[in-house]
Amino acid sequence: MGDLKSILTSFHVQDELNPKIWDNSMEKMSPKVRSRLLQIAYEFIEFLKVDIVVSDVIMTGSLSNYNWSKFSDVDLHILVDFNQFSKTELPLYEELFQLKKTIYNDKHDISIYGYEVELYVQNEIEAHFSSGVYSVLFDKWENKPKKENIKIDLELIKNKSKKWMRIIDGVIENVKDESIDEAKQIIDKYKKKLKKYRTCGLEEGGEYSDENLVFKVLRRNGYIEKLYQYKDNYIDKKLSLKESSTNIGGNFKTDLENGPKNHGSRKLGNWQSDNAWDIFAPPNTVVNSYTNGTVTKIRDTGKNSGKIFGTQVSIKGAEGFPNIFYTHVKNVKLKIGDTIKVGDYIGVVSEWVGHDTMTHVHIGLPYGEHIRSLLKNSGKIFTNKTSTDYNIDSNDDKKNSENPVITKGSEENTVITKDIKGKDEEVNSWLAPLLAALGFK
């Protein structure tokens, strides 16, 4: 992430337009720069592989104004008459242009004197709020910028930026348990909110509006990219199939060395305990004890889906072992007061109806303790056994009479997989035309 202080100090008005891009004496673009930008635009138009009516090629953004900085990029827009497309075709072409833009910018690393070139297909009638717009095609200013004496409340911009950063972090944290469709809807909702936030600021206050400057902060410090890329990364993880083990030593959600992100704000035994690890394993995988101790609590919700489900077993440590609890297990045969040793049977991993690839055991420890210290007993813990090895009926869920407890596990750095059973004929019905438009055969 970019340094916030450095970003904020970049919001000042320069004495002149960037001399690498502009011939300030002539108040025109450098001929060398203009020639290269036209070449880039031509290559991009060829890459689109669509017969389009181009009305202009413009450069806009901070490098076409007095507010340029080291964070600026070359915003090169291809203006297109979208009236050439029918109403039914238009949404498809809009999405196609967006995809092509993303692919092209990702595939190429083009810069003008160190400033990255970003290409974009723009509807010629689309409202544009930049006070600096230069026609690269016709070599003239469409909207000539004026140097203004602007006062920017940097403290206000910083506070508003931090608020949005917290919102984005919260969105990412909250979608980690959701299905693909639910995660996409939540992320898209906040992408639209952020876009509307900036657009309203541009309409009312122009480029130096608080909203636009906050957006620039979020873009320059990586938070825009963080929000936009998370959806793709999340989908990739959900749709991937990875080699898996049948033992309880699956992928840790949290960094094994550093531990959970936040410690100590919730006491041990709370289902939302911060000092906890989620360890993935298939349903009905045996969970053996990590410690020696005495069973102090057994609670069962009677549920098999959602964030609150399965049985929780709490054990008071003995012989130097810490207190510990296990959540999201079933077929527990223990009772309160039982003495237990390392490797003894606790239960098996519960199913999670509707989220069968997310099954795991949630293991909590007291603040200051770390699960890695217990892995010395991995030979007894990770036995690679399932419920059938213990002659346990996977449907035989032990019920307990105590009240259920609400829980949420530690959800850091989840590795999630999903078995996809696609139907080729359904996919091809909508995918084939799009691939053809993208130039794939």
Side-chain angles (χ1 to χ4, degrees), residues 2 7-8 10-11 13 55-56 58-69 71-83 90-91 93-102 105 116 118-134 142-146 148 150-154 156-172 184-231:
I7 294 170
L8 289 170
S10 70
F11 294 141
V13 179
S55 56
D56 204 349
I58 64 170
M59 178 174 159
T60 184
S62 58
L63 277 176
S64 295
N65 214 320
Y66 290 93
N67 60 332
W68 57 272
S69 72
F71 296 103
S72 298
D73 50 34
V74 177
D75 290 322
L76 193 62
H77 292 202
I78 314 301
L79 266 59
V80 173
D81 179 9
F82 278 25
N83 286 327
L90 183 57
Y93 277 104
E94 288 176 331
E95 185 169 353
L96 172 64
F97 291 145
Q98 184 65 32
L99 287 169
K100 284 282 193 173
K101 167 227 171 187
T102 301
N105 288 330
E116 185 178 353
E118 288 284 332
L119 289 131
Y120 176 73
V121 178
Q122 178 183 326
N123 189 343
E124 65 178 9
I125 63 172
E126 180 182 321
H128 203 76
F129 303 102
S130 177
S131 59
V133 179
Y134 192 83
E142 294 295 335
N143 193 9
K144 190 174 180 180
K146 296 179 181 179
E148 301 177 74
I150 302 293
K151 282 190 175 183
I152 300 173
D153 189 338
L154 295 181
L156 179 64
I157 300 301
K158 181 177 73 173
N159 291 335
K160 288 185 175 183
S161 299
K162 286 184 174 180
K163 179 181 177 181
W164 267 105
M165 289 160 65
R166 289 193 295 270
I167 290 172
I168 292 172
D169 284 336
V171 169
I172 290 174
K184 285 164 63 177
Q185 289 175 7
I186 293 171
I187 293 172
D188 287 343
K189 173 184 175 181
Y190 281 90
K191 284 169 61 177
K192 290 177 182 178
K193 280 180 176 286
L194 190 55
K195 182 178 180 180
K196 183 178 180 180
Y197 177 79
R198 184 195 191 191
T199 301
C200 290
L202 285 169
E203 290 176 348
E204 295 179 11
E207 291 178 272
Y208 291 97
S209 65
D210 294 343
E211 294 82 0
N212 187 48
L213 294 180
V214 167
F215 186 88
K216 284 179 177 287
V217 169
L218 298 174
R219 184 171 60 192
R220 292 174 180 181
N221 73 359
Y223 262 79
I224 297 291
E225 184 179 17
K226 180 179 181 180
L227 179 63
Y228 279 46
Q229 284 192 347
Y230 185 80
K231 182 171 76 170

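These figures come from a predicted structure and were not determined experimentally.
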Please evaluate residues Ile58 and Gln122 with respect to the criterion side-chain contact (heavy atoms from CB on, under 4.5 Å), reporting the C-alpha separation (whole Å), side-chain torsions for both, the decisive distance (0.1 Å), and the verdict. CA-CA 10 Å; Ile58 64 170; Gln122 178 183 326; 4.2 Å; yes
Tyr197 vs Tyr190, side-chain contact (heavy atoms from CB on, under 4.5 Å): CA-CA, chis, key distance, verdict: CA-CA 10 Å; Tyr197 177 79; Tyr190 281 90; over 6 Å; no
Run the side-chain contact (heavy atoms from CB on, under 4.5 Å) check on Glu116 and Val74 step by step: do they pass? CA-CA 6 Å; Glu116 185 178 353; Val74 177; over 6 Å; no
Would Val80 and Asn123 count as a side-chain contact (heavy atoms from CB on, under 4.5 Å) if you check the C-alpha gap in whole Å, the side-chain angles of each, and the deciding distance to 0.1 Å? CA-CA 5 Å; Val80 173; Asn123 189 343; over 6 Å; no
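Annotation: side chain of Asp188 is in contact with side chain of Lys231 (closest heavy-atom distance under 4.5 Å). At a threshold of 4.5 Å between non-hydrogen side-chain atoms, the residues Ile187 and Tyr230 count as touching. With contacts defined as side-chain heavy-atom distances shorter than 4.5 Å, the pair Val214/Trp164 qualifies. Using a 4.5 Å heavy-atom cutoff, the side chains of Gln98 and Tyr120 are in contact. Between Asp75 and Leu63 the shortest side-chain heavy-atom distance does not fall below 4.5 Å. Using a 4.5 Å cut-off on side-chain heavy atoms (C-beta onward), Asn105 and Glu118 make contact. At a threshold of 4.5 Å between non-hydrogen side-chain atoms, the residues Ile125 and Phe82 do not count as touching. Side-chain contact between Ser69 and Arg220: present, with at least one pair of heavy atoms (C-beta onward) separated by less than 4.5 Å.
Using modelled atom types, one side-chain atom of Ser64 and one backbone atom of Met59 make a donor-acceptor pair closer than 3.5 Å. Side-chain N or O atoms of Asn221 include one that pairs as donor or acceptor with a backbone N or O of Tyr223 at under 3.5 Å. Side-chain atoms of Asp153 come within 3.5 Å of backbone N or O of Leu156 as a donor-acceptor pair. At distances below 3.5 Å, at least one donor-acceptor pair connects side-chain atoms of Ser161 with backbone N or O atoms of Ile157.
Within a 6.0 Å radius of CD in Glu225, other residues, nucleotides and ligands contribute 12 heavy atoms or fewer.
Taking OG of Ser62 as the start and NZ of Lys216 as the end, the distance is 4.5 Å to the nearest 0.5 Å. Rounded to the nearest 0.5 angstrom, Asp169 CG and Lys226 NZ are separated by 3.5 Å. Note that CG of Asp81 is 13.0 Å distant from CG of Asp56, once rounded to the nearest 0.5 Å. For the atom pair Lys101 NZ and His77 NE2, the distance stands at 8.5 Å (nearest 0.5 Å). Leu194 CG to Phe215 CZ: the interatomic distance, rounded to the nearest 0.5 Å, is 5.5 Å. Distance check, rounded to the nearest 0.5 Å: CG of Leu213 to CG of Leu218 gives 11.0 Å.
The nearest pair of heavy atoms linking Lys191 to Leu227 is CG-CD2, 3.8 Å. Residues Lys160 and Asp210 come closest through the heavy atom pair NZ-OD2, 3.5 Å.
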